[in-house]
2 protein chains.
Amino acid sequence: MTLLDSIVMQGLGRHGALTAEEKTLLLDLELNPRRAAAGEVLWQESADVDLFCVVKEGWAYSYRNLGNGSMQILKVYLPGDIIGMRDFGFARRLAGVAMINDGVISPFTHQQLFELIGRSPALAASIIATVVRQQAMLTERLVYLGRYAAHERLAHFLYELYLRLKRIGAVTDNGFVMPLSQEQVGDALGLSAVHVSRTFSMLRDEGLVVRDRQHVVLPDPQALARLVEFNDTYIDETLSPAFHGFH
Amino acid sequence: MTLLDSIVMQGLGRHGALTAEEKTLLLDLELNPRRAAAGEVLWQESADVDLFCVVKEGWAYSYRNLGNGSMQILKVYLPGDIIGMRDFGFARRLAGVAMINDGVISPFTHQQLFELIGRSPALAASIIATVVRQQAMLTERLVYLGRYAAHERLAHFLYELYLRLKRIGAVTDNGFVMPLSQEQVGDALGLSAVHVSRTFSMLRDEGLVVRDRQHVVLPDPQALARLVEFNDTYIDETLSPAFHGFH
DNA sequence: CGGTTCGTTGAGACCGTTCAACCCCGGTGG
DNA sequence: CCACCGGGGTTGAACGGTCTCAACGAACCG
């Protein structure tokens with residue numbers, strides 16, 4: 001999974017094919033791939049902001065460790081996502097990032113990002129669009145934490161993963177691999193691990209989610225989408241026309 | 001309260017005074033002020049994105065109306081804030097915005113924003129910094145919704161308002177005016193209005209918050225800050241040095 | 001085969017919700 | 001001036017969703 005694939009798949013490159021220089025700029029971000037082991041902390045909260053990363057293989061998550069001993073997972077990163085944009089413009093990390101399973105990441109520097117932005121307004125727009133979309137996903141999570149019950153939070157979480165995985169071709173027969181432990185799911189949804197287990201059982205009994213170890217199947221994605229009233233405008237978002245005129 | 005005052009007060013203008021042109025660009029955003037009545041909806045969710053607004057007087061909030069009949073308030077806007085940046089780059093609003101009390105707002109267009117960004121990299125950096133800071137505030141709220149109890153959520157909410165109001169000079173003797181109803185506070189914190197009332201009583205009994213109608217006093221802000229382990233790096237944030245080198 | 005991690009299930013406690021009654025206060029109209 | 005009304009806030013009681021603690025089971029790994 002290269003960033004180029006990801007960006008094209010996400011439809012950001014559809015407005016006129018990318019130029020050769022733009023493709024080069026994107027590929028330059030992935031010149032230094034390295035393996036990262038499950039559980040590896042890429043950086044801690046409050047660390048200096050130096051690098052961003054493209055996730056090439058594996059999953060990662062950003063998190064905050066709280067004073068009361070618990071953890072809140074802010075976002076799950078999938079292959080093709082850029083990690084660290086949350087801290088763009090800050091001197092220190094607002095959240096830590098760790099790998100969920102074994103994977104491959106490509107770090108690149110602030111400097112490279114500035115260069116890319118300076119050279120290609122189209123790519124700058126794409127980057128900004130991904131940041132904005134991430135903010136929208138965060139907002140959606142906030143809404144669910146504030147106002148929905150456990151089974152709705154979990155259903156929404158799984159359906160969002162399903163959509164994001166589908167667009168990078170990681171879904172077959174409505175099923176996908178979900179390497180998060182139930183403890184981690186709980187940390188993302190503001191629930192205890194025990195209650196995540198019970199909630200999975202509830203969704204299984206209703207025929208909405210079948211899970212076996214790390215494999216999840218959504219037998220009827222539409223039914224799940226109705227349950228959570230999924231608003232997918234923030235995933236298949238349309239950029240403002242004015243924005244494209246900006247180049 | 002002009003945007004110029006606000007940005008200077010927020011320290012974004014400290015790196016070299018703004019040029020005359022930059023000041024003009026900022027003031028141009030506020031050429032069309034108008035009154036807005038309490039409860040007035042500035043725009044609804046899914047409406048076309050056309051305008052942004054500077055809040056000159058009064059408070060506003062962005063919100064999402066949910067299928068189960070409840071509402072989630074995403075953010076409270078104070079004088080000097082820019083409303084609508086959440087939707088920058090989108091064709092449609094991700095959230096509605098309404099006035100909390102009577103106030104004055106200055107709408108400006110996408111076009112004006114692009115012009116400002118094109119003419120002054122320094123102001124573009126300031127704008128981006130405010131967007132990033134808003135995302136950080138949203139993240140902080142998410143953490144509290146996910147992992148903290150009612151009294152901690154409320155204490156954190158009040159302390160954040162206290163800090164933001166202090167920097168625009170709206171705090172005297174540790175007190176400020178808080179025009180939100182308890183229903184609205186509940187919609188922001190994911191609590192019922194009834195429990196907001198009980199939680200206010202609890203904080204009062206502990207000597208942390210004194211409230212009389214719309215007037216709130218924090219007798220010991222430091223104690224409150226300790227209670228919520230307030231991390232103010234996202235309010236008094238430091239922009240990355242690399243970012244300033246970008247101009 | 002023993003240890004470890006992860007997931008399941010049960011029981012009890014707790015926090016927050018819902019429903020309801022009541023109060024306080026400001027506004028309005030007689 | 002008073003009667004009435006309505007919105008916001010307070011308080012009580014019962015319900016329910018989620019948490020915690022604990023025991024147990026299943027899969028993986030040395």
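Reckoned from all heavy atoms, side chains included, excluding hydrogens, waters and symmetry mates. Quick note on labels: first sequence line is chain A, next is B, and so on, each numbered from 1.
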(message) Which label fits His156(A) and Tyr144(A): parallel for a plane angle under 30°, tilted from 30 to 60°, or perpendicular past 60°?
(response) parallel
(request) Return the minimal non-hydrogen interatomic distance between Leu142(B) and Leu138(A), and the atom names on each side. (result) CD1-O, 3.6 Å
(request) Mind calculating the distance between CG (Leu145(B)) and C1' (dG16(C)) to the nearest angstrom? (result) 14 Å
(request) Could you tell me the separation between the CG atom of Asn101(A) and the P atom of dC28(D), rounded to a whole number of Å? (result) 16 Å
(message) Using the rule given for side chain to side chain contact (heavy atoms under 4.5 Å, CB included), can you reason through Leu66(A) versus Glu229(B), listing the C-alpha separation, both sets of side-chain angles and the distance that settles it, and then say yes or no?
(response) CA-CA 9 Å; Leu66(A) 310 182; Glu229(B) 301 160 340; 5.7 Å; no
(message) Tell me which residues in residues 187-200 of chain A lie within less than 4.0 Å of DNA chain D, going by non-hydrogen atoms.
(response) Gly190(A), Leu191(A), Ser192(A), Val194(A), His195(A), Arg198(A)
(message) Please determine whether a side-chain nitrogen of the Lys or Arg among Asp81(A) and Arg164(A) lies less than 4.0 Å from a carboxylate oxygen of the Asp or Glu.
(response) yes
(message) Rounded to whole Å, how long is the line connecting atom CZ of Arg147(B) with atom C1' of dT18(D)?
(response) 11 Å
(message) Expressed as a whole number of angstroms, how long is the span from Tyr148(A):OH to dT18(D):P?
(response) 14 Å
(request) Go through residues 174-182 of chain B and report each residue with a non-hydrogen atom lying under 4.0 Å from DNA chain D, sorted by number. (result) Ser181(B), Gln182(B)
(request) Grab the CD-P distance between Gln214(A) and dC6(C) for me, whole Å please. (result) 10 Å
(message) Under the side-chain hydrogen bond (donor to acceptor under 3.5 Å, both in side chains) definition, can you give me all pairs with a residue in residues 185-199 of chain B, not counting sequence neighbours?
(response) Arg147(A)-Asp187(B)
(request) Evaluate the side-chain proximity of Val41(A) to Gln44(A): yes if any heavy-atom separation is below 4.5 Å, no if none is. (result) yes
Indicate every side-chain donor-acceptor pair of residues 202-220 of chain B with a distance under 3.5 Å to a residue at least two apart or in another chain.
unit_1	atom_1	unit_2	atom_2	d
Arg204(B)	NH2	Ser201(B)	OG	3.2
Asp220(B)	OD1	Gln222(B)	N	3.3
Asp220(B)	OD1	Ala223(B)	N	3.2

(message) Contact between Asn32(A) and Phe108(A) at the side-chain level, heavy atoms closer than 4.5 Å - yes or no?
(response) no
(message) Check this for me, if you would: do Arg35(A) and Glu40(A) make a salt bridge, where the nitrogen-to-carboxylate-oxygen distance has to be below 4.0 angstrom?
(response) no
(request) Starting at atom NE2 of His151(B), determine the distance to atom P of dC14(C), rounded to an integer number of angstrom. (result) 16 Å
(request) Find the distance Arg153(B):CZ to dC15(C):P and express it as a whole number of Å. (result) 13 Å
(message) Using five pairs at each end of the helix from dC1(C)-dG30(D) to dG30(C)-dC1(D) to define an axis, what is the angle between those two axes, to 10°?
(response) 30°
(message) Strictly by side-chain hydrogen bond (donor to acceptor under 3.5 Å, both in side chains), give each pair with a member in residues 60-70 of chain B just once, sequence neighbours left out.
(response) Glu140(A)-Arg64(B), Glu45(B)-Arg64(B), Ser62(B)-Arg86(B), Asn68(B)-Ser70(B)
(request) Ignoring the backbone of Ser201(B), work out which of dT11(D), dT8(C), dG16(C) is nearest its side chain. (result) dT11(D)
(message) Between Arg211(B) and dG8(D), is there a contact of a side-chain N or O with OP1 or OP2 at under 4.0 Å?
(response) no
(message) Nearest whole Å is fine: how far is dG7(D) C1' from Ile100(B) CD1?
(response) 17 Å
(request) Might you point out which heavy atoms bring Leu224(B) and Ala155(B) nearest each other, and give the distance in Å? (result) CD1-CB, 4.0 Å
